[in-house]
Protein chains: 2
Amino acid sequence: MPDRVPTSRPGGRSGRVRTAIYTAVGELMGEGVDKISFPVIAERAGVNPTTLYRRWDDVNALLEEVAVAALTRDGESLPDTGSLERDLTEWATLIARDITRPERVRYLRAMVSARVEIVSRCVLTETRREQAAEMVRRAGERGETAPTVAQILDHVIAPLYYRVVFALPVDHDHAQRLVGDVLVMAGRPQP
Amino acid sequence: MPDRVPTSRPGGRSGRVRTAIYTAVGELMGEGVDKISFPVIAERAGVNPTTLYRRWDDVNALLEEVAVAALTRDGESLPDTGSLERDLTEWATLIARDITRPERVRYLRAMVSARVEIVSRCVLTETRREQAAEMVRRAGERGETAPTVAQILDHVIAPLYYRVVFALPVDHDHAQRLVGDVLVMAGRPQP
DNA sequence: TTGTTAAAGCAAAGATATTTGCTTAAGGTT
DNA sequence: AACCTTAAGCAAATATCTTTGCTTTAACAA
């Protein structure tokens with residue numbers, strides 16, 4: 001073999017350490033600790049601070065990574081009830097329940113905060129866009145008139161996130177009302 | 001005189017110092033500086049760091065104060081064109097232009113960030129609510145059918161802020177489309 | 001197994017941030 | 001103008017974070 005390719009090694013210890021760090025961040029976020037620094041995270045994770053300094057540029061980079069991981073792995077399977085109204089209502093209700101959980105709120109706020117990469121924020125919104133598109137597609141196949149994907153994002157997703165982020169009340173009734181509203185626009189000619 | 005009531009004294013030097021600090025924060029925010037600490041702000045303001053430590057609990061408290069001040073004093077007078085559609089369109093367009101300015105985006109993100117007092121966030125949303133209520137009231141007086149205030153907040157304001165906060169495009173056309181959408185719901189029976 | 005190497009631990013040095021006691025400046029009052 | 005008081009400035013002490021060179025551990029390949 002002429003050359004040795006340096007191999008990265010994600011398994012084993014490195015993986016365990018990363019898991020410990022992610023868990024520590026999650027705990028601290030959930031507890032509302034407001035002085036989240038590398039030394040603090042390291043202590044909670046039972047890991048040497050140097051490891052954090054070597055692996056991430058700064059605390060925000062780490063927070064971003066954890067937040068994306070937490071916010072994108074949603075076990076929620078997409079509703080498929082045979083009716084767009086019911087699909088949207090279930091979907092919106094699930095999202096409402098999900099993003100009002102305290103750690104989720106903190107993650108969301110962290111994602112939004114100044115120094116997080118724009119691409120990471122797009123990952124979040126992109127997931128919702130794909131889900132909405134899928135439900136609209138199915139509705140179209142059934143011959144239902146449906147709002148556009150943009151309308152669903154603007155009038156169902158946006159209000160939910162807006163309210164969470166600005167600490168306004170969010171619940172099932174609200175989610176349902178949003179869906180009712182957006183369905184009224186279904187088929188409205190787009191300029 | 002049996003007792004001396006300690007008097008606060010907002011005028012003069014204290015006021016100048018506070019102004020210098022607010023200005024410094026505004027500049028640093030606008031420049032995208034990401035290591036905003038008391039020492040950094042103090043240097044920019046030409047003020048002693050101790051003053052900051054004595055006046056605010058931490059950097060976030062100060063940032064919050066400045067952000068609220070910046071976001072609530074909007075010179076925008078409320079549109080009053082004689083038509084709800086035009087009022088809303090002008091209003092939404094103004095807001096869109098306003099909140100997409102780089103410093104505003106940073107202030108918004110700062111407001112949203114984890115450690116800001118909930119009451120402060122309410123100040124922001126409350127202003128918008130009052131403006132919407134006023135326009136709806138006028139529309140009612142003219143006998144126009146109008147969406148509810150909640151609908152305007154959910155379907156016009158929320159999408160604008162959502163998009164800004166998640167780094168999605170916002171412009172006049174978008175604002176106009178939102179207004180068109182919300183007007184379709186005008187008069188829809190609320191559950 | 002055994003060797004190689006990426007990544008973690010350790011410890012000391014360096015840089016920043018934060019606190020604290022005291023001094024000085026300047027509004028506001030008499 | 002002379003005084004009292006709040007708040008700012010200053011400087012030294014302290015705590016916390018961040019970097020760095022070196023050592024040790026343990027995953028992976030031969």
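Convention: sequence-line order gives letters A, B, ...; per-chain numbering from 1.
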For atom CD of B:Glu43 and atom P of D:dC10, their distance in whole Å: 13 Å

Residue-phosphate contact under 4.0 Å: A:Ser14 side-chain N/O, D:dA27 OP1/OP2: no

Quick one: A:Asn48 CG to C:dA11 P, roughly how many Å, whole number? 9 Å

Report the relative orientation of the aromatic rings in B:Phe38 and B:Tyr53; use parallel for angles under 30°, tilted for 30 to 60°, perpendicular for over 60°. perpendicular

Could you write out each protein N or O paired with an N or O of nucleotides 15-19 of chain C at a distance under 3.5 Å?
from   : atom 1 : to      : atom 2 : distance (Å)
C:dA17 : OP1    : B:Ser37 : OG     : 3.0
C:dT18 : OP2    : B:Tyr53 : OH     : 2.9
C:dT18 : O5'    : B:Tyr53 : OH     : 3.4

Between C:dG28 and B:Arg13, is there an OP1 or OP2 to side-chain N/O distance shorter than 4.0 Å? no

Could you tabulate the donor-acceptor pairs under 3.5 Å formed by side-chain atoms of residues 163-171 of chain B, not counting sequence neighbours?
from     : atom 1 : to       : atom 2 : distance (Å)
B:Arg163 : NE     : A:Asp154 : OD1    : 3.1
B:Arg163 : NE     : B:His174 : NE2    : 3.0
B:Arg163 : NH1    : B:Pro169 : O      : 2.8
B:Asp171 : OD1    : B:Asp173 : N      : 3.3
B:Asp171 : OD1    : B:His174 : N      : 2.8

Got more than 12 heavy atoms from elsewhere within 6.0 Å of CD, A:Glu144? yes

Looking at B:Glu31 and B:Arg44, is there a salt bridge between them, counting it only when a charged N and a carboxylate O are closer than 4.0 Å? yes

Are A:Arg16 and C:dA8 close enough that a side-chain N or O sits under 4.0 Å from OP1 or OP2? no

According to a hydrophobic-cluster definition based on side-chain heavy atoms being under 4.5 Å apart (Ile, Leu, Val, Met, Phe, Trp, Tyr only), do A:Leu94 and A:Leu153 belong together? no

Are any of the side-chain nitrogens in A:Glu141 or A:Arg138 under 4.0 Å away from the carboxylate oxygens of its partner? no

In this structure, how many angstroms lie between the P atom of C:dG27 and the CZ atom of B:Arg18, rounded? 14 Å

